[in-house]
Protein chains: 2
Amino acid sequence: MNEQDVVRALAALAQPHRLQAFRALVVAGPAGMNPGILAEQLAVPAATLSFHLKELMNAGLITQQRAGRHLIYRAEFARMNGLLGYLTDNCCQGEACLDTTATACAC
Amino acid sequence: MNEQDVVRALAALAQPHRLQAFRALVVAGPAGMNPGILAEQLAVPAATLSFHLKELMNAGLITQQRAGRHLIYRAEFARMNGLLGYLTDNCCQGEACLDTTATACAC
DNA sequence: TAAATATTTCCAATAATATGGAAATATGAA
DNA sequence: TTCATATTTCCATATTATTGGAAATATTTA
């Protein structure tokens, strides 16, 4: 993940509806969710949610898969972890300050 | 850290100059850096950097301390870790998917 | 094929953000 | 005090993001 990727991912998450949608997909895990349920859960119009899900996809943070007349959106855990790692990279010049209680998803 | 705090922090980091500045402060660790050196290192005009550092402060991601005619900016590691944790919270409904190789700073 | 359901695309108005030169402010030194 | 250095604030312009109703598209079922 280069700087541009990271800026795009951060910008995608820096919006309440998108942050909520992404977190819901993180909780959902590998099973994912379809936009109808997500729209209901977040109380956001379908057109608005669709716009935001596309933004998250453009940032590489989620993926889309068709399943019949439904779509399934899933969090892209590898990219999320890449983003987290980028922020702490070479923290304190690599001194012994890394906290192994940190939680990143291994999905 | 509530949702609004997180959105503000993400928005603050979703800008190349600010992301670079923040990462430089993360690497610098508790010693921090002054804006003159930072401006030179990032090759950005002082006025522009000042604007961006203020944004990072408003988001609670860095702090400012005066030391004579210099200022010292430091990364606020607790808030950085809070941000990272917010994104992975209740990942996969809490199933065994947490990767303890993740790196968060304990500074 | 036609109807029903699920989801996206289009659109234009509104709002927020990034830029950097010049002037202002704050501190330390002569 | 007066000068030199460090840093911020002011400002106007240009760019970009967000919203949701209506129409369009895709898929399944009858």
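Only a predicted model underlies this, so the values are computations on that prediction, with no experimental measurement involved. Sequence lines set the chain letters: A, B, ... in the order given, protein chains first and strands last, and positions in each chain run from 1.
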Requested in this report: Indicate whether OP1 or OP2 belonging to D:dT27 is found under 4.0 Å from a side-chain N or O atom of A:His70.
Outcome: no
Query raised in the report: Is the distance from OP1 or OP2 of C:dT19 to the nearest side-chain N or O of B:Thr48 less than 4.0 Å?
Result: no
**Report entry** B:Lys54 side-chain N/O to D:dT9 phosphate OP1/OP2 under 4.0 Å
**Finding:** yes
Report summary line: Here the pair of heavy atoms bringing B:His17 nearest to B:Leu42 is O-CD1, 4.1 Å
Query raised in the report: Of the nucleotides C:dA18, C:dA26, C:dT8, which has the atom closest to the B:Glu55 side chain?
Result: C:dA18
Query raised in the report: Looking at B:Arg69, does any N or O in its side chain come under 4.0 Å of the phosphate oxygens OP1/OP2 on D:dT7?
Result: no
Query raised in the report: Does A:Gln15 place a side-chain N or O at less than 4.0 Å from the phosphate oxygens OP1/OP2 of C:dA16?
Result: no
Query raised in the report: Side-chain contact, heavy-atom cut-off 4.5 Å: A:Arg18 with A:Leu61?
Result: no
Query - Position toward the 5' end of DNA chain D (nearest nucleotide), A:Ala11 or A:Gly68 - result: A:Ala11
Report task. Output yes when at least one side-chain N/O atom of A:His52 is less than 4.0 Å from OP1 or OP2 of D:dA17, else no. Result -> no
Query raised in the report: Just how far, in rounded Å, is C1' of D:dA24 from CZ of A:Phe51?
Result: 19 Å
Report summary line: Regarding the side chain of B:Pro45, the nearest nucleotide among D:dT18, C:dT8, C:dG20 is C:dG20
**Report entry** Contact under 4.0 Å: B:Gln64 side-chain N or O vs D:dT8 OP1/OP2
**Finding:** yes
Report summary line: Shortest non-hydrogen pair, A:Ala39 vs A:Leu49, comes out as N-CD2, 3.5 Å
**Report entry** Side chain of A:Arg18 - closest among C:dA26, D:dT19, D:dT18
**Finding:** D:dT18
Query raised in the report: Are OP1 or OP2 of D:dT8 and a side-chain N or O of B:Tyr73 less than 4.0 angstrom apart?
Result: yes
Query - Which nucleotide in D:dT19, C:dT27, D:dT9 has an atom nearest any side-chain atom of B:Ala47 - result: D:dT9
Requested in this report: Test A:Glu3 against B:Gln20 for side-chain hydrogen bond (donor to acceptor under 3.5 Å, both in side chains), laying out the working first.
Outcome: CA-CA 9 Å; A:Glu3 176 178 291; B:Gln20 287 168 16; 2.9 Å; yes
Query raised in the report: Can you get from B:Val6 to A:Val44 by hopping between Ile, Leu, Val, Met, Phe, Trp and Tyr side chains that sit under 4.5 Å apart?
Result: yes
Query - Between D:dT7 (P) and B:Leu38 (CG): distance, integer Å - result: 10 Å
